[in-house]
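A short write-up of the structure that comes next.
Predicted, not measured: the structure shown is a model, and the values here were computed from it. Numbering of ligands and ligand atoms starts at 1, following listing order.
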Amino acid sequence: MALPRRALLVAGLLAAALPLLLVCPAEAGTVGVNYGRVANNLPNPSAVVQLLKQQGITQVKLYDTDPTVLRALANTGVKVVVALPNEQVAAAASRASYALLWVRRNVAAYYPATQIQGIAVGNEVFATAKNVTAQLVPAMVNVHAALARLGLDKAVKVSSPVALTALANSYPSSAGVFREDLAQPVMKPMLDFLAQTGSYLMVNAYPFFAYSANAGDISLDYALFRPNAGVQDAGNGLKYYSLLDAQLDAVFAAVNRLGNYNGVRVVVSETGWPSKGDASEVGASPANAAAYNGNLARRVLSGNAGTPLRPNADMDVYLFALFNENQKPGPTSERNYGVFYPNQQKVYDVEFVLGAGGAAGGGSQGNGGLGWQENGGPSSGSGSTSGNPPSGVKVTTGEAWCVANAAVGEQRLLAALNYACGEGGANCKDIQPGAACFEPNTMVAHASYAFNDYFQRKGRTIGTCDFAGAAYVVNQAPKMGKCDLPSTV
Ligand SMILES: *[C@@H]1O[C@H](CO)[C@@H](O)[C@H](O)[C@H]1NC(C)=O
């Protein structure tokens with residue numbers, strides 16, 4: 001697999017070649033995984049822990065406090081979010097003694113050997129356990145008080161995953177607002193609690209659902225973090241280049257309506273894309289799942305996952321899910337969100353650590369060759385609406401090069417550069433420190449090098465020198481210091 005190598009090179013490029021930019025992007029976030037177990041064919045927990053280690057996965061989120069799982073995770077260094085299930089929310093809310101006993105038995109009994117760092121109190125309560133909505137924040141308060149009593153409140157944070165359906169409106173992002181029955185009664189007290197306890201808001205966000213239901217209106221590239229023309233939000237003047245950003249900013253907009261909660265981070269407690277679905281589930285495919293999860297992971301790991309409203313936010317995400325879960329009810333997609341099959345083979349390739357792990361595990365679909373102009377191809381089967389140019393039509397018969405358009409700004413150049421050197425498959429080794437085209441050490445020069453390599457590699461076909469407006473074609477050999485951009489590869 002060549003992909004991890006390239007990703008490593010991009011990481012090196014960012015760290016060594018562009019110190020200026022290091023000040024801007026947030027610190028890298030972590031890509032964790034949801035270890036769901038609604039299946040009858042999963043490996044035993046100690047085998048799963050070996051798989052996590054082999055993949056470099058350092059954070060997992062559970063849906064309960066299963067003792068065999070928590071024991072298997074002991075002394076591994078893996079950080080764990082456990083859950084108090086919806087069925088226990090009412091009891092934890094009404095009796096402090098219940099919450100204390102629960103924390104003693106399910107958290108204190110394993111900590112610190114098992115590095116429990118968070119408790120999800122309930123899961124999508126407003127959507128799946130509506131009748132305990134009013135008990136949710138009181139339960140969180142009691143669980144926190146129990147942690148405090150046991151001296152664990154600094155180490156273990158209390159939160160509750162909120163589904164996007166908590167929003168009454170999410171489009172455009174600037175119009176984001178919580179449902180009226182939740183805003184003042186639940187979300188405001190929850191945000192106050194999260195701010196007071198130094199915790200974070202957990203959000204479960206699935207661009208897949210929005211895309212799948214509106215595939216005629218939403219571009220697949222926009223949903224999959226691929227270069228695209230962007231979507232302007234007339235309300236806040238910001239331009240969005242990914243659906244996940246737009247969804248998260250709708251949450252931030254909704255939060256901002258309730259007060260100043262800038263100190264409350266957001267953790268994406270679930271996100272993912274199914275590798276398989278029913279005929280009606282437009283967009284479900286291994287290639288799209290690989291692109292969504294792979295591109296998201298690269299953004300998070302390289303510290304570029306901030307949104308237009310919170311550009312410097314370092315983002316932790318938990319992919320959903322570790323395994324395909326064969327006992328989940330609902331449409332086919334529900335049983336096909338896993339990165340791994342129960343036999344531990346990869347459903348598709350995703351890196352959890354920049355430059356590592358990609359070669360591990362067999363059965364990979366691979367995503368290294370998935371340039372964005374191919375995404376209307378046979379593997380996606382999704383009816384992309386992104387206006388992809390016809391493949392295979394050459395831009396010009398004479399010599400041609402592709403160069404960066406400085407006017408779009410460094411942020412967009414960086415995003416396109418990461419794409420070109422990562423998923424796009426450009427060879428970026430010559431712009432690494434010490435290599436022939438490291439100088440001039442500027443974003444425009446490095447991006448030009450990468451865009452041109454991508455363009456030449458794709459046979460200079462139409463649409464392969466655009467990068468959402470970040471690049472354009474020239475017909476005279478560009479000069480970049482001593483570096484000549486090749487007109488072939
Ligand atoms: C909420 O509804 C569930 C399922 O119908 C029920 O088992 C539970 O007792 C209810 N809880 C409360 C607090 O009303």
Side-chain angles (χ1 to χ4, degrees), residues 34-40 61-70 81-108 116 118-150 153 156-168 178-194 196-197 199 201-206 209 251 254 258 269-270 318 320-321 325-335 337:
N34 281 280
Y35 177 11
R37 297 184 304 119
V38 187
N40 61 8
K61 182 169 151 287
L62 311 177
Y63 291 90
D64 54 22
T65 51
D66 184 89
T68 58
V69 172
L70 288 175
V81 173
V82 296
L84 181 143
N86 289 348
E87 295 72 33
Q88 293 172 258
V89 166
S94 62
R95 302 203 303 280
S97 58
Y98 183 97
L100 182 59
L101 190 61
W102 189 90
V103 170
R104 268 193 211 285
R105 284 190 181 160
N106 297 289
V107 177
I116 297 171
I119 301 173
V121 174
N123 186 43
E124 302 192 351
V125 162
F126 319 137
T128 60
K130 292 188 179 70
N131 65 344
V132 294
T133 296
Q135 280 78 48
L136 181 57
V137 176
M140 294 168 76
V141 168
N142 279 349
V143 169
H144 178 261
L147 288 166
R149 187 145 156 206
L150 299 171
D153 56 314
V156 184
K157 297 300 174 191
V158 176
S159 190
S160 182
V162 172
L164 280 186
T165 50
L167 297 176
F178 287 111
R179 277 164 34 194
E180 202 175 333
D181 60 315
L182 299 175
Q184 293 296 333
V186 188
M187 289 313 301
K188 183 153 173 78
M190 186 193 291
L191 287 161
D192 288 336
F193 167 84
L194 297 173
Q196 281 157 17
T197 59
S199 187
L201 180 63
M202 287 182 167
V203 175
N204 292 353
Y206 287 90
F209 294 138
V251 174
L258 298 176
S269 39
E270 282 185 17
Y318 291 85
F320 186 88
E325 294 170 69
N326 68 353
Q327 293 182 318
K328 293 212 98 172
T332 298
S333 63
E334 285 294 316
R335 293 173 290 286
Y337 274 92

### Query
Do any N/O atoms on Gln135 end up under 3.5 angstrom from N/O atoms on ligand 1?
no
### Task
Return the residue, atom name and 0.1 Å-rounded distance of the protein heavy atom closest to atom 13 (C) of ligand 1.
Ala90 CB, 3.7 Å
### Message
Is it the case that the side chains of Asn34 and Tyr63 hold a donor-acceptor pair, with the cut-off being a distance below 3.5 Å and no angle test?
### Response
yes
### Message
Whether the side chain of Arg335 engages the backbone of Lys328 through a donor-acceptor N/O pair (distance < 3.5 Å, no angle test) should be reported.
### Response
yes
#### Entry: Ring centroid separation Phe320 to Tyr35 under 6.0 Å
no
### Task
Please step through side-chain contact (heavy atoms from CB on, under 4.5 Å) for the pair Leu136 and Phe126, ending with a clear verdict.
CA-CA 9 Å; Leu136 181 57; Phe126 319 137; 3.8 Å; yes
### Task
Could you find the nearest protein heavy atom to atom 10 (C) of ligand 1 and give me its residue, atom name and distance?
Asn131 ND2, 2.5 Å
### Query
Any protein heavy atom lying closer than 4.0 Å to atom 2 (O) of ligand 1?
yes
